[in-house]
Protein chains: 2
Amino acid sequence: MDRLREHIEEIISITDEEFARIKTFFTIKNVRKNQFLVHEGDEVKYEFLTLDGIYKVFYVDESGKEHIIQFAKKNWWMTDYIGFFSQKNATMFVECLQDGAVACLTLEGREKLATEFHKMEHFFRIKLTNGYIALQQRIILLLSSTPQQRYQEFSRLYPDLISHIPKKYVAEYLGVSRETLSRLYSNGK
Amino acid sequence: MDRLREHIEEIISITDEEFARIKTFFTIKNVRKNQFLVHEGDEVKYEFLTLDGIYKVFYVDESGKEHIIQFAKKNWWMTDYIGFFSQKNATMFVECLQDGAVACLTLEGREKLATEFHKMEHFFRIKLTNGYIALQQRIILLLSSTPQQRYQEFSRLYPDLISHIPKKYVAEYLGVSRETLSRLYSNGK
C-alpha cells in the first residue's frame, strides 16, 4: 500500500488518517505474465493502478487481428475504460506481459472516494487530464503519415517502454507491419 | 449565459448565487465561419464550450497535410488541449465551420472554479471521463482496418454530424482518401 500512497501523494497531500480510509477502497493483486485482468465479454469490475510489471490493453477485430490500445507500466492506470465507465461488458482484454502487481478499484469505490474527499476528486481529475493528453498524442501518432514518424514519436514519448516490449506489440500499437518496424529498429530510427 | 447554466446543470445542481459566481469566469464570443479560435504557434489562452455552430480542431504535418483531431458542436468542449494544459504554444488550429458562439475559460479560471466548488471539480471530472471515452473510441476507429468500418463507426457515433460536415473533412478525420469516402457515401454504407 506504500506505493499507492506515494502515487497519490505525487498530486495531493493526505494525512495518515485519510490514507487509512482511502486504502480500504483498494485491493492489491499479484499478476503473472500471460494472466488476463480483463477478458472480452466479461464484466469490467475494476480499473487498475500498475504497481509493478508491464501490461497491454488490446482488442481483437472481426478478422481476428489484435490492436493494442494502451501499454501500462508502474504508476499508470488501465482497464477497458469504455466498459468500466459505462458498466458494460468488456470489448477489450488486459494482459500482463511481465510479472507484477496492481491496485484494484471499483467504479463505485472511485465515485465514493471522489464524493467523500474533494482532494480525491481533484486527484482523479488531474489523472484524467493527463490521460486525455496521452490519448490525443496517441491519435496524432496514428494520424502521422509514415511508419517512421509514428515510430520516432513513440520512441520520444515512451523511451523506457521500447526496450521492454516485444517488437510485434509495438507494431500492433503503431498500426504498422512487423517487417516495416524491424527495418526501422535496425536503422536506429 | 443561460445555455452555459443548462449545460452545467446536466451534471450538477447549482443555486442562482453559485451560478452568479461561476459565470464570472467565462466570456462569451460570437464566431464566424472560417474564423480561427486557436492558431498554431500562438499561446492557447482558452478552452471553449460550444454554445452554437460547428468547429474543427486539426493539425498540419510537415508535408502540409491536414489531420482532423476533433469536431465540435453544441455542448462540446474543445481547444488544443495539449497546448492548453501544458501552457505551451499551440501545435493545432481550431477553426469555425459554421457561425456560432462559444464560452471561453482560461486554465487559471478552470483551476479556481474546481478549487472553490467541489461540485465544479466533479463537473470537470465527469466531462473529462466522457472525453476520455470518446478519444478511446476514436483510437479504435483509427485502428479499425477498413475505411468502410471507420465510416460505419463514425456514422453510428455521430449521426447528426455527418450531414453538417463537408466530405473532405470527414475523410481527413477518418484518415481515408476522399475518393474512397465518396464511394462509401454513394453506397450509403
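This one's a predicted model, so the numbers in the text were calculated from it and none came from an experiment. Chain identifiers are assigned alphabetically (A, B, ...) following the order of the sequence lines, protein sequences preceding nucleic acid strands; residue numbering begins at 1 within each chain. Side chains included, hydrogens not; waters and symmetry mates left out as well; all remaining heavy atoms used.
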Student: Determine whether more than 12 heavy atoms belonging to other residues, nucleotides or ligands lie under 6.0 Å from atom CD of B/Glu10.
Tutor: yes

Student: Just wondering, more than 12 heavy atoms not from A/Glu108 lying within 6.0 Å of its CD?
Tutor: no

Student: Within this structure, what is the CZ-CD distance for the pair A/Arg138 and B/Gln136, rounded to the nearest 0.5 Å?
Tutor: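 Spacing of CZ (A/Arg138) from CD (B/Gln136) equals 9.5 Å.
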
Student: For A/Phe85 and B/Ile133, which heavy atoms make the closest approach, and how far apart are they?
Tutor: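 Smallest heavy-atom distance, with atoms named: CB-CD1, 3.5 Å.
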
Student: Salt bridge or not between A/Glu111 and B/Arg125? Use side-chain N to carboxylate O under 4.0 Å.
Tutor: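 Salt bridge between A/Glu111 and B/Arg125, a charged N being under 4.0 Å from a carboxylate O: yes.
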
Student: As an exercise, state the distance from CD1 of A/Ile139 to CD1 of B/Ile139, rounded to the nearest 0.5 Å.
Tutor: 5.0 Å

Student: Taking every non-hydrogen pair under 4.5 Å, which of B/Thr91, B/Thr129, B/Asn130, B/Ile69 racks up the most with chain A?
Tutor: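 When all of B/Thr91, B/Thr129, B/Asn130, B/Ile69 are compared, B/Thr129 has the most.
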
Student: Under 4.5 Å from any heavy atom of chain B, what part of A/Glu62 do you find: side chain, backbone, both or neither?
Tutor: side chain

Student: Answer yes or no: is there a side-chain heavy-atom contact under 4.5 Å between A/Ile82 and B/Gln137?
Tutor: yes

Student: Going through the checks in order, is the side chain to side chain contact (heavy atoms under 4.5 Å, CB included) test met by A/Asp61 and B/Gln149?
Tutor: CA-CA 11 Å; A/Asp61 69 22; B/Gln149 284 167 337; 5.6 Å; no

Student: B/His118 and side chain to side chain donor-acceptor pair (under 3.5 Å): which partner among A/Glu121, A/His122, A/Lys119?
Tutor: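 Looking at A/Glu121, A/His122, A/Lys119, the match for B/His118 under the side chain to side chain donor-acceptor pair (under 3.5 Å) is A/Glu121.
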
Student: Kindly give the heavy-atom pair with the smallest separation between A/Leu143 and B/Glu172, and that separation in Å.
Tutor: CD2-O, 4.5 Å

Student: Counting only heavy atoms not in A/Asp2 (residues, nucleotides, ligands), do more than 12 fall under 6.0 Å from its CG?
Tutor: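 Counting neighbours around CG of A/Asp2, 12 or fewer heavy atoms of other residues, nucleotides or ligands fall under 6.0 Å, so no.
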
Student: Have a look at A/Tyr132 and tell me which of B/Phe124, B/Tyr81, B/Phe84 forms a ring-ring contact (aromatic ring centres under 6.0 Å, His included) with it.
Tutor: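 Among B/Phe124, B/Tyr81, B/Phe84, the one meeting ring-ring contact (aromatic ring centres under 6.0 Å, His included) with A/Tyr132 is B/Tyr81.
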
Student: At a 4.5 Å cut-off on heavy atoms, which part of A/Phe123 comes close to chain B: side chain, backbone, both, or neither?
Tutor: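 Neither part.
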
Student: For B/Arg178, I'd like to know if atom CZ has over 12 heavy atoms of other residues, nucleotides or ligands within 6.0 Å.
Tutor: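 No, because the 6.0 Å sphere around CZ of B/Arg178 holds 12 heavy atoms or fewer from other groups.
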
Student: Checking heavy atoms, do the side chain of A/Ile68, its backbone, both or neither come under 4.5 Å from chain B?
Tutor: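 Only the backbone of A/Ile68 comes within 4.5 Å of chain B.
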
